[in-house]
Colleague: 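The following block contains the structure, expressed as structure tokens.
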Amino acid sequence: MSKLIYLDNAATTKTAPEVVEAMLPYFTEYYGNPSSIYDFAQKSKEAVTKGRQQIADVLNAKKEEIYFTAGGSEADNWALKATFEAYKSKGNHIITTKIEHHAILHTCEYLEKRGAKITYLDVDENGIVRLDELEKAITPETILISVMFANNEIGSIQPIKEIGRIAKEHGILFHTDAVQAFCQVPIDVDECNIDMLSSSGHKINGPKGIGFLYIRKGVKIRSFVHGGAQERKRRAGTENVPGIVGYGAAAERAMKNMKERTEKEIELRDYLINRLTTEIPYSRLNGDRVKRLPNNVNVSFQFIEGESMLLMLDQNGICASSGSACTSGSLDPSHVLLAIGVPHEVAHGSLRLTLSEETTKEDIDFTVDKLKEIVPYLRSMSPLYEDFMKKHQQ
């Protein structure tokens with residue numbers, strides 16, 4: 001393999017060198033526990049405070065509203081479970097969508113067994129929530145609306161500001177899973193009336209094992225991890241100081257280069273979409289053409305099986321996925337693609353390519369050229385394709 005072409009940045013990103021550099025002293029030099037009172041530990045405490053501020057600045061939030069977690073999945077679990085517990089006296093109804101990440105969907109299933117009523121909203125063919133259906137789903141028992149900012153598989157960006165407005169008008173808390181959107185698109189929690197927001201460090205060239213939950217001041221939400229008094233008594237456990245330092249550095253870095261980076265990504269994204277959909281027959285773009293993440297391309301190719309395509313891409317040094325990395329062990333087609341109306345057999349032939357600031361036009365051309373070899377080769381072994389071609393040649 002002469003060169004690795006990494007096109008799975010929605011699964012995880014490379015930790016940026018300057019982020020690693022910022023983290024290193026907190027492993028060996030300033031290793032004190034930030035909860036300790038002696039002077040040596042103050043460096044760690046100051047580093048945590050700085051990381052909290054760096055992240056708050058991205059969201060136009062207060063640093064006291066940022067609570068560090070072990071990642072996006074924990075933050076999602078916390079937002080849903082703790083809201084359900086805290087607002088039981090008001091109601092037990094939660095509204096979400098059919099295309100959420102499994103950290104939300106599986107948490108909702110867990111809560112249903114404990115008495116929650118969950119409405120799973122349909123989305124349109126581009127994966128966008130219909131606002132009138134959202135409003136219709138609200139009942140006097142509704143305590144939370146949880147809609148992801150942008151979808152991790154098809155990249156579609158939701159009308160978050162409008163959802164936040166509806167939630168506020170009805171006095172309902174609004175949570176958004178922004179794991180894919182944080183530092184990819186501008187987010188202002190006040191402007192969008194967001195009460196809680198989840199994010200994860202490793203999606204923005206930061207380290208793995210660190211995330212946060214933004215909780216708006218005044219939201220009555222309970223502790224999720226019980227023990228010590230860390231995170232203002234809301235999330236026990238010694239803080240992951242190097243992780244927090246790295247997350248803060250990654251957020252600051254991503255905000256500084258966001259405009260330039262996303263403009264480049266959008267240009268390459270659209271070039272990739274155009275080449276795939278015009279040069280490979282019987283292919284379709286999944287997700288909204290315009291309202292999508294700058295770096296996300298998701299295409300389905302009819303008459304092929306996605307796993308074989310991924311293995312053949314891998315043999316050519318290209319890292320890609322067929323959907324969420326969290327479900328890569330599953331043989332079922334993507335729940336997201338089925339929810340937007342992609343037929344079962346077509347959903348099996350889906351490919352997600354997610355770009356980074358390091359992706360080049362040469363990488364894109366090489367990938368498309370390889371796919372133009374792989375897709376026809378796989379179709380040549382498909383009885384379905386053979387039948388289809390016979391019918392259309394008559």
Side-chain angles (χ1 to χ4, degrees), residues 10-12 55 59 65-88 90-121 142-153 158 167 172-182 189 194-203 206-216 219-228 230-240 243-244 247 324-327 329-330 335-336:
T12 198
I55 284 164
L59 298 171
E65 297 172 316
I66 304 299
Y67 295 84
F68 289 112
T69 66
S73 291
E74 184 195 320
D76 284 344
N77 272 258
W78 185 4
L80 269 61
K81 290 175 182 174
T83 300
F84 178 67
E85 284 291 323
Y87 289 82
K88 262 182 181 171
K90 186 192 172 203
N92 65 346
H93 182 228
I94 294 170
I95 298 171
T96 188
T97 80
K98 289 181 178 174
I99 65 164
E100 298 296 307
H101 189 276
H102 281 113
I104 294 289
L105 295 178
H106 289 168
T107 304
C108 285
E109 286 168 22
Y110 168 88
L111 291 175
E112 280 180 296
K113 290 173 186 160
R114 280 149 187 80
K117 289 180 183 168
I118 314 285
T119 297
Y120 299 93
L121 294 172
T142 306
I143 54 172
L144 179 68
I145 294 168
S146 180
V147 176
M148 67 191 341
F149 206 110
N151 187 265
N152 52 304
E153 291 190 32
Q158 300 296 346
I172 297 162
L173 291 178
F174 175 38
H175 165 255
T176 186
D177 174 342
V179 167
Q180 293 294 335
F182 183 69
V189 288
I194 295 166
D195 297 301
M196 289 175 282
L197 178 146
S198 311
S199 175
S200 188
H202 71 109
K203 308 292 187 181
K208 296 173 182 66
I210 185 74
F212 73 80
L213 180 65
Y214 157 79
I215 307 172
R216 181 180 292 281
V219 172
K220 294 177 182 68
I221 188 171
R222 298 180 182 182
S223 303
F224 188 55
V225 179
H226 299 94
Q230 292 91 350
E231 296 301 290
R232 294 174 301 292
K233 300 183 181 177
R234 277 180 157 172
R235 201 268 188 184
T238 302
E239 291 93 340
N240 173 2
I244 290 167
Y247 202 175
S324 169
C326 307
T327 55
S330 170
H335 69 286
V336 174

Colleague: Keeping Thr176 on the side-chain end and Val147 on the backbone end, is there a donor-acceptor pair under 3.5 Å?
Modeller: yes

Colleague: Where do His335 and Glu153 come nearest, in terms of heavy atoms and distance?
Modeller: CE1-OE2, 4.0 Å

Colleague: Please check: side-chain N/O of Lys203 versus main-chain N/O of Ala10, any donor-acceptor pairing under 3.5 Å?
Modeller: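 Between the backbone of Ala10 and the side chain of Lys203 there is a qualifying donor-acceptor contact (under 3.5 Å).
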
Colleague: Can you measure from OH (Tyr120) to NZ (Lys98) and round to the nearest 0.5 angstrom?
Modeller: 10.5 Å

Colleague: Which heavy atom in Glu74 sits nearest to a heavy atom in Phe224, and how many Å separate them?
Modeller: CG-CE2, 3.9 Å

Colleague: Would you say the side chain of Asp76 lies within less than 4.5 Å of the side chain of Thr107, judging by non-hydrogen atoms?
Modeller: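 Side-chain contact under 4.5 Å: no.
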
Colleague: So Ile66 and Leu59, do their side chains get closer than 4.5 Å, heavy atoms only?
Modeller: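 Side-chain contact under 4.5 Å: yes.
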
Colleague: Indicate the atoms forming the closest heavy-atom contact of Asn77 with Ala103, along with that distance.
Modeller: ND2-O, 3.9 Å

Colleague: Taking Gln158 for the side chain and Met148 for the main chain, is one N or O donor matched with an acceptor at less than 3.5 Å?
Modeller: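 No, the answer is negative, given that no donor and acceptor are paired below the 3.5 Å cut-off.
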
Colleague: Counting distance only, does the side-chain N/O of Gln180 pair as donor-acceptor with the main-chain N or O of Phe149 below 3.5 Å?
Modeller: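 No; zero donor-acceptor contacts below 3.5 Å.
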
Colleague: Fit a plane to each ring of Phe212 and Phe182, take the angle between them on a 0 to 90° scale, and name the class: parallel (under 30°), tilted (30 to 60°) or perpendicular (over 60°).
Modeller: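 Perpendicular: the ring planes of Phe212 and Phe182 meet at over 60°.
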
Colleague: Quick check: do Arg234 and Ile221 have side-chain heavy atoms less than 4.5 Å from each other?
Modeller: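 Contact flag for Arg234/Ile221 side chains = yes.
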
Colleague: Measuring only between side-chain heavy atoms, which start at C-beta, is Tyr87 closer than 4.5 Å to Val219?
Modeller: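 Side chain of Tyr87 against side chain of Val219, heavy atoms only: contact under 4.5 Å found.
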
Colleague: Is there a side-chain contact between Glu65 and Arg216, using heavy atoms and a 4.5 Å cut-off?
Modeller: yes

Colleague: Using a 3.5 Å distance criterion without hydrogens, assess whether the side chain of Thr119 forms a donor-acceptor pair with backbone atoms of His93.
Modeller: no

Colleague: Would a distance-only check, ignoring hydrogens and angles, find a side-chain to backbone donor-acceptor pair under 3.5 Å from Thr97 to Ile99?
Modeller: yes

Colleague: If you take all heavy atoms of His175 and Ala79, which pair is closest and at what distance?
Modeller: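 Here His175 and Ala79 meet closest at CD2-CB, 3.6 Å.
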
Colleague: Evaluate the side-chain proximity of Ile55 to Tyr247: yes if any heavy-atom separation is below 4.5 Å, no if none is.
Modeller: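 Answer yes - side chains close enough.
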
Colleague: Could you tell me how the ring of Trp78 sits relative to the ring of Tyr67: parallel (under 30°), tilted (30 to 60°) or perpendicular (over 60°)?
Modeller: perpendicular

Colleague: Find out whether Ile244 and Glu239 are in side-chain contact, i.e. whether some heavy atom of one side chain is under 4.5 Å from a heavy atom of the other.
Modeller: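 With C-beta onward as the side chain, the pair touches.
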
Colleague: Do you know which two heavy atoms are closest between Phe84 and Gly115, and how far apart they sit?
Modeller: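 So the minimum-distance heavy-atom pair works out to CZ-C, 4.1 Å.
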
Colleague: With distance as the sole test, does Ser146 use its side chain to make a donor-acceptor pair with the main-chain N or O of Thr96 at under 3.5 Å?
Modeller: no

Colleague: Restricting to non-hydrogen atoms, name the atom on Gly228 and the atom on Ala236 that form the minimum distance, rounded to 0.1 Å.
Modeller: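 Closest approach of Gly228 to Ala236, heavy atoms only: N-CB, 3.2 Å.
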
Colleague: Heavy atoms, side chains only, cut-off 4.5 Å: are Phe68 and Gln230 in contact?
Modeller: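 A side-chain contact is absent here, since even the closest heavy-atom pair is not under 4.5 Å.
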
Colleague: Report, as yes or no, whether the 6.0 Å neighbourhood of atom NZ on Lys117 holds more than 12 heavy atoms from other residues, nucleotides or ligands.
Modeller: no

